[in-house]
Amino acid sequence: MVKTKEIFLLGVGHGTPLFIELAEACGYRVVGLYHYNDERTGEVDHGFPILGSFNNLLNSNIKGRNFALTMGNMKIKAVISNLLLNLGALIPTLIHPTAIISRFAKVSNCGVLITSYCEVHSDAEIMDGCVLWPQVIIGHDTKLSEYTFCGPKSYVGAYINVERFAFIGQCSVSISGKVCNIGESAIIGAGSVVTKSVPPKTIVKGNPARILNKN
Ligand SMILES: CC(C)(COP(=O)(O)OP(=O)(O)OC[C@H]1O[C@@H](n2cnc3c(N)ncnc32)[C@H](O)[C@@H]1OP(=O)(O)O)[C@@H](O)C(=O)NCCC(=O)NCCS
């Protein structure tokens, strides 16, 4: 008999059902959820029990257990991921079966969440903890550094280096051959058309994307 793999989700928010479905599509049984504090312990969200807080979890024996971190704040995701890994927990990469990943692409096996109908083209690299919401396209030879967030239907063109903690807004397009670098913690506004590199910690928006301010 094949034993079903179990997984626990951290973060209870608007993205929770998306990641429940992702985990299930990857063959996991979702046992329950953990919230950042104790306020919601005992509640049920989308049919799944909220088992406790992150603190409860970090003070229990979690060695060898599977977790998916679903919070939108990627800096928090990075901190909690490191704590879990240091305690011997596992944070598997989850790739939805409808996603198309080139066999020449490289996807980290730690904490990457690739949801339905995404495409990752040849020689692209997706590093630890990156999150791709549905229908994201990552062009060939593009690198997403650790904990990059890509909103739904965003298209990061070819040959772009995206630094860690960048936030790529929904339906934005970063043009291949024009954009070389998207800096650390930069934010691309929804629907933007990015035509040149984006400095770190900068918000850009519009078509063509222009700097809104520094974050
Ligand atoms: C760009 C963004 C971060 C700016 O947010 P903000 O700092 O709160 O900015 P504001 O909403 O105050 O808007 C400031 C100005 O920029 C405009 N603006 C905001 N976002 C814009 C966008 N994506 N494209 C074009 N203009 C935009 C606003 O209309 C406003 O213009 P005004 O001063 O002429 O009225 C935000 O609007 C955005 O696009 N976030 C991405 C959301 C997303 O993709 N989420 C994915 C969830 S899965």
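Counting starts at 1 for both ligands and their atoms, following the listed order. For this chain, numbers begin at 1 and follow the sequence in order.
Linking ILVMFWY side-chain heavy atoms closer than 4.5 Å, directly or via other members, places Phe67 and Val30 in two distinct hydrophobic clusters.
Relative orientation of the Phe165 and Tyr147 rings is parallel, given thresholds of 30° and 60° on the angle between their planes. The aromatic rings of Phe19 and Trp133 sit perpendicular to each other, their planes meeting at more than 60°, with 30° as the lower class boundary.
The side-chain hydrogen bond (donor to acceptor under 3.5 Å, both in side chains) analysis of residues 94-113, with sequence neighbours excluded, yields the pairs His96-Thr98, Ser108-Asp128.
Between Gly169 and ligand 1, no pair of N/O atoms sits closer than 3.5 Å. An N or O contact shorter than 3.5 Å is missing between Trp133 and ligand 1 by distance.
Considering each of His14, Arg210, Lys205, the one bringing a non-hydrogen atom nearest atom 16 (O) of ligand 1 is Lys205.
At least one side-chain heavy atom of Ser185 sits under 4.5 Å from a side-chain heavy atom of Lys75.
Contact annotation: for Pro152 versus ligand 1, heavy atoms closer than 4.0 Å belong to the side chain alone.
The contact set between ligand 1 and Gly189, taken as ligand atoms under 4.0 Å from a residue heavy atom, comprises 1 (C), 23 (N), 39 (O).
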